[in-house]
Amino acid sequence: MADADQASLAALTDWLRRFAAAVARDERHLTDLDAKIGDADHGSNLRRGTAAVVEALDADPPGDVGAAFKQAGMTLVKTVGGASGPLYGTFMLRFGTTAGAVDALDATALGTALRAGYDGVVARGKAEPGDKTMVDVLEPCLTVFDEAVAGGAGAAAAARAAADAAPERRDATAPLLARKGRASYLGERSVGHVDPGSASTTLLLESLADALAGP
Amino acid sequence: MADADQASLAALTDWLRRFAAAVARDERHLTDLDAKIGDADHGSNLRRGTAAVVEALDADPPGDVGAAFKQAGMTLVKTVGGASGPLYGTFMLRFGTTAGAVDALDATALGTALRAGYDGVVARGKAEPGDKTMVDVLEPCLTVFDEAVAGGAGAAAAARAAADAAPERRDATAPLLARKGRASYLGERSVGHVDPGSASTTLLLESLADALAGP
Amino acid sequence: MKKLINSPEQVVPDALRGMAAAHPDLRVDHENRVVLRASGAVEGKVGLVSGGGSGHEPMHGGFVGHGMLDAACAGEVFTSPTPDQMQAATLAVSGGAGVLHIVKNYTGDVMNFEMAAELAAAEGDVEVRSVVVDDDVAVQDSLYTAGRRGVGATVLLEKIVGAAAEERRDLAACEELAKKVNGNARSMGMALTSCVVPAAGVPTFELGDDEFELGIGIHGEPGRERRRLGPLREVAEQLVEPVLQDLPAADGAPVVAFVNSMGGTPLIELYGLYAEVAAICEKAGVSIARSLVGPYITSLEMAGASVTLLRADDDLLSLWDAPVSTPGLRWGM
Amino acid sequence: MKKLINSPEQVVPDALRGMAAAHPDLRVDHENRVVLRASGAVEGKVGLVSGGGSGHEPMHGGFVGHGMLDAACAGEVFTSPTPDQMQAATLAVSGGAGVLHIVKNYTGDVMNFEMAAELAAAEGDVEVRSVVVDDDVAVQDSLYTAGRRGVGATVLLEKIVGAAAEERRDLAACEELAKKVNGNARSMGMALTSCVVPAAGVPTFELGDDEFELGIGIHGEPGRERRRLGPLREVAEQLVEPVLQDLPAADGAPVVAFVNSMGGTPLIELYGLYAEVAAICEKAGVSIARSLVGPYITSLEMAGASVTLLRADDDLLSLWDAPVSTPGLRWGM
Ligand SMILES: Nc1ncnc2c1ncn2[C@@H]1O[C@H](COP(=O)(O)OP(=O)(O)O)[C@@H](O)[C@H]1O
Ligand SMILES: Nc1ncnc2c1ncn2[C@@H]1O[C@H](COP(=O)(O)OP(=O)(O)O)[C@@H](O)[C@H]1O
Ligand SMILES: [Mg+2]
Ligand SMILES: [Mg+2]
Ligand SMILES: [Mg+2]
Ligand SMILES: [Mg+2]
């Protein structure tokens with residue numbers, strides 16, 4: 001399905017499925033991270049939501065990229081709850097709205113849609129880089145994506161570059177003092193633990209790279 | 001103070017003090033026994049009550065045996081609660097009433113007072129030997145006492161004989177199925193544990209023997 | 001042991017201080033450890049006195065007030081109060097129409113209340129009757145034991161007889177009614193964890209991670225048997241089946257269903273249990289006319305629950321519905 | 001993990017089934033997981049909608065009824081409900097006078113309620129206002145965090161604003177009043193144990209035998225710091241002092257004192273804590289006009305407690321005293 005320069009509808013819905021699979025695999029780990037500095041539900045929240053996304057894809061296969069991600073976004077908003085529900089939901093909704101009723105995105109369009117999703121997360125959650133949230137992974141990795149595209153990379157290569165940058169940014173949240181979300185209540189005690197949302201966002205970017213790399 | 005044939009008021013109040021000391025020493029053990037087949041309070045119940053008995057002796061030294069044991073009995077009734085409060089309280093009250101306003105008891109009178117106390121326990125609690133209660137120690141040991149007196153023993157020797165018989169009777173409650181008190185609710189599961197009241201009654205008889213044996 | 005206490009000895013007096021401070025409608029006789037209505041004895045009304053070991057809160061002190069008890073005697077944790085406390089309570093609530101002692105069937109409680117009644121009879125001023133509550137179906141061979149324990153039915157009985165006394169039914173009627181409630185109620189309890197008696201400082205028993213105790217009382221004691229813990233609907237059946245089997249049949253008369261937390265089981269689980277209980281009753285053709293869900297007769301912080309069913313008639317139901325105003329149970333006023 | 005549940009996924013729907021079965025005055029929209037008054041929207045009355053993660057029972061579902069909430073949305077355990085649930089609740093309770101959303105200040109709750117308000121605005125039919133509760137003084141540097149958490153004040157606010165809505169105060173007045181209650185209330189909480197989130201299956205944190213967490217919220221999360229556990233009177237000071245320090249002064253105005261169990265702490269300990277709190281307040285010259293003692297805003301089976309003080313005036317007190325009839329809070333009717 002995958003083509004180095006394009007992200008097809010099939011590849012992009014495969015992204016959603018792979019993300020769901022990765023979350024299901026790492027559910028306990030995500031929840032354990034959240035137990036340390038939050039309320040021990042990030043894994044189960046996202047698993048419930050991404051499973052519902054896959055269910056919706058199966059029940060009602062979307063005809064274009066915009067429809068696929070609006071469906072996924074609404075599903076996440078309606079099934080996840082907590083902080084990550086509106087954030088991931090808004091990401092997907094904005095991604096879908098920006099992508100529009102197309103059946104593929106080239107690298108530039110994909111970058112624009114991702115950036116729109118990111119802007120939605122920031123508009124909704126008002127976090128800045130350094131606040132110890134998923135923004136700490138999304139922001140720099142999308143910059144890596146954009147730079148790769150500017151350097152001539154196709155969608156798959158740019159996504160891989162972004163995904164490769166993610167684990168380091170995720171781990172870099174550990175020394176930070178949380179200033180957003182539940183972890184901020186812990187003050188100094190939030191230091192030394194990886195932010196759970198950074199971990200799930202890393203899965204999101206890795207799933208995208210894997211989906212675009214093809215089977 | 002002790003005379004082989006007589007139990008003086010001083011020796012008998014010393015009995016009460018020694019019993020209090022023995023209960024304080026073994027409080028945890030009595031409570032642990034009660035945790036197994038009851039509600040984990042026999043040690044603290046009796047310690048609270050016997051400490052109050054000693055306090056009353058100090059605050060208001062009784063002038064005769066009857067007064068001493070009526071005071072002790074009322075104090076136990078008012079401070080112990082639970083099953084053991086009315087039982088030990090009744091034992092002491094009947095003992096005091098039967099002893100009367102005297103300043104010493106000879107072996108026979110002591111035996112009669114003890115027997116009256118025992119009858120009070122049975123009247124109040126309606127337990128029979130074999131029900132796995134303090135009656136399983138009191139009944140046979142008072143018989144040993146009476147037999148010793150019939151055989152010519154003085155108060156001290158008879159008390160010692162009764163005390164020596166107690167541990168075996170206490171331990172013999174272990175294989176029994178409880179039919180009275182909280183332990184009876186456990187049915188078969190009461191088997192294999194020593195009855196806590198039998199253990200405290202053993203302390204009662206040992207304290208009597210020690211008090212009459214003198215310092 | 002981790003508890004919010006000053007010391008094991010102060011647990012009961014501290015709690016009584018707190019009750020007195022929090023509830024202006026109550027008065028606490030600290031010397032005798034008796035919780036009373038601040039308004040005093042009610043002339044011409046039967047006085048209702050209950051009591052028992054502490055650690056079962058809100059029972060009994062939290063059930064003192066209009067439409068329920070007149071006084072509650074607080075013993076040490078899980079230890080029956082003493083006759084002098086009960087006698088003080090009896091005299092304090094006597095309004096000339098006699099006093100009913102509500103006694104849960106435990107050897108200690110029964111003996112102490114007996115001695116209190118003897119004291120009252122000796123003084124001769126107050127007519128005292130007693131009713132002994134023994135609704136626990138876990139104790140099967142009750143002929144050969146101290147008999148069935150008094151558990152959940154106590155709460156229902158105190159509410160219903162409290163309403164009857166409030167409408168000035170006489171001592172004999174209140175006693176009769178109390179026996180009727182007791183005779184028509186059955187309970188069964190279970191524990192997921194032990195509790196820690198403050199003076200003991202360690203759990204009364206230990207349970208494996210997949211076990212529960214079936215057939216417990218309310219004193220943190222182990223139950224009749226240890227079972228493997230299954231899903232809630234299985235636990236619900238293990239509680240309700242023996243209750244239904246032993247419940248007096250009364251063609252089609254509805255029940256009051258009382259699902260009680262032993263203390264540590266949170267409301268979210270308790271409502272789940274109530275859903276299962278309601279489903280089992282429906283299947284068995286038993287209609288639930290009234291319900292009560294919450295921690296009302298507890299064993300300190302023990303996790304677990306009990307189910308009580310009371311076969312009710314119109315009189316019991318209208319007494320149940322009558323206004324009550326206590327810290328633990330309140331409606332209609 | 002030992003819980004009375006069928007499965008982690010069924011905890012919330014099972015509890016909602018139980019609530020529906022136990023409380024004929026309530027109606028449960030199972031699809032949207034919304035608890036509603038059975039009597040429906042009240043014409044001309046401001047509708048009060050709250051909600052949040054489950055596991056805090058009786059809050060919020062147990063506070064639906066006359067004189068308090070019109071609807072409560074139940075999320076998964078400790079997880080904010082979703083905008084569609086809130087939107088369904090908003091539409092269901094709208095009686096033409098607008099709807100007030102009562103939101104506890106957690107990122108998730110705030111964002112989800114924001115999206116719900118956006119949905120309502122888009123539909124254009126119902127005027128929605130929101131008040132965000134943030135009374136937790138444990139979060140000190142709140143400028144650099146998600147802000148103070150909403151804890152105990154939520155219960156007091158829902159009662160007081162519920163009474164105001166019941167007497168037909170308008171949306172602006174209800175919003176104003178809600179802000180006033182929030183502005184005048186401060187809380188501090190502590191935990192002796194963690195709780196176990198059903199889906200996680202293990203305790204969220206572990207505490208030593210002589211430690212407690214000071215400055216916790218209501219989601220089983222660790223607190224601001226770990227301290228050595230002393231006697232109750234020390235714990236009480238650690239809770240009350242920061243509350244008093246931050247409480248708006250109002251020369252001589254009394255307070256409503258709310259001593260809350262996190263779930264696992266039994267009433268006998270809670271009354272002991274109340275006694276200490278009352279003593280500290282008296283010493284500080286703060287007079288307590290009303291009090292509430294019990295498990296009202298909980299964290300599953302967590303052992304621990306919180307103290308909330310609300311500086312009150314005559315209006316707040318008379319609204320507090322007004323009749324309320326919900327499963328969790330009831331008086332005057
Ligand atoms: N304001 C915010 N902006 C961006 N991300 C946030 C914000 N608040 C929280 N998050 C992310 O959400 C994650 C927690 O999600 P989750 O546990 O599902 O929700 P909750 O915190 O409500 O329990 C955090 O690890 C963090 O990455
Ligand atoms: N009916 C009875 N007759 C004689 N002794 C009894 C009876 N019931 C209980 N006991 C004794 O009382 C002891 C328990 O005392 P205690 O633990 O202080 O009271 P409770 O059982 O009320 O907690 C038992 O071990 C038993 O020896
Ligand atoms: Mg979380
Ligand atoms: Mg005992
Ligand atoms: Mg006891
Ligand atoms: Mg959460």
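Lettering follows sequence order; numbering is per chain, from 1. Bear in mind the structure is a predicted one, so any value in this text is a computation, not a measurement.
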Got a sec: does the CD of D:E225 have more than 12 other heavy atoms crowding it under 6.0 Å?
yes
D:M111 and A:A83 have their tightest heavy-atom pair at CE-O, 3.2 Å
Would one find more than 12 heavy atoms of other residues, nucleotides or ligands at under 6.0 Å from atom CZ of A:R160?
yes
Taking the side chain as every heavy atom from C-beta outward, state whether A:D41 and D:E76 have any atom pair closer than 4.5 Å.
no
Rounded to the nearest 0.5 angstrom, the CG-NE2 distance for A:D34 and D:H219 is 11.0 Å
What distance separates A:D32 CG from D:T204 OG1, expressed to the nearest 0.5 Å?
10.0 Å
NZ/NE/NH1/NH2 to OD/OE distance under 4.0 Å, D:E114 and A:R124
yes
Check this for me: D:K2, atom NZ, are more than 12 non-hydrogen atoms of other residues, nucleotides or ligands nearer than 6.0 Å?
yes
Shortest non-hydrogen contact from D:P222 toward A:A35:
CD-O, 4.2 Å
D:R224 side-chain N/O to A:Y185 backbone N/O, donor-acceptor pair under 3.5 Å:
yes
Any side-chain heavy atom of D:M115 within less than 4.5 Å of one from A:V77?
yes
I need the residue from D:G75, D:G223, D:G53, D:A199 with the largest number of non-hydrogen atom pairs under 4.5 Å to chain A.
D:G223
Side chains of A:R48 and D:T79: does their closest heavy-atom pair fall under 4.5 Å?
yes
Nearest 0.5 Å, what's the CG-OH distance between A:D39 and D:Y106?
10.0 Å
Taking side chain as everything from C-beta outward and backbone as N, CA, C, O, which of these in A:T79 sits under 4.5 Å from a heavy atom of chain D? Side chain, backbone, both or neither.
backbone
Heavy-atom closest contact (D:A200 atom, A:T31 atom, distance):
CB-CG2, 3.8 Å
Answer with side chain, backbone, both or neither: which region of D:E206 has an atom nearer than 4.5 Å to a non-hydrogen atom of chain A?
neither
Any non-hydrogen side-chain atom of A:K78 less than 4.5 Å from a side-chain atom of D:Q85?
no
Counting only non-hydrogen atoms closer than 4.5 Å, does D:N112 touch chain A with its backbone (N, CA, C, O), its side chain (CB onward), both, or neither?
both
Over 12 non-hydrogen atoms of neighbours within 6.0 angstrom of CG in A:D103:
no
Among the options A:S190, A:G81, A:G82, pick out the one with the most heavy-atom pairs lying under 4.5 Å from chain D.
A:G82
Which atoms of D:F78 come close to chain A, meaning under 4.5 Å heavy atom to heavy atom: side chain ones, backbone ones, both, or neither?
both
Salt-bridged, D:E213 to A:R189, with N to O below 4.0 Å?
yes
D:V110 versus chain A, heavy atoms under 4.5 Å apart: side chain, backbone, both or neither?
neither
Pick one of side chain, backbone, both or neither for D:N105, based on which atoms fall under 4.5 Å of a heavy atom in chain A.
backbone
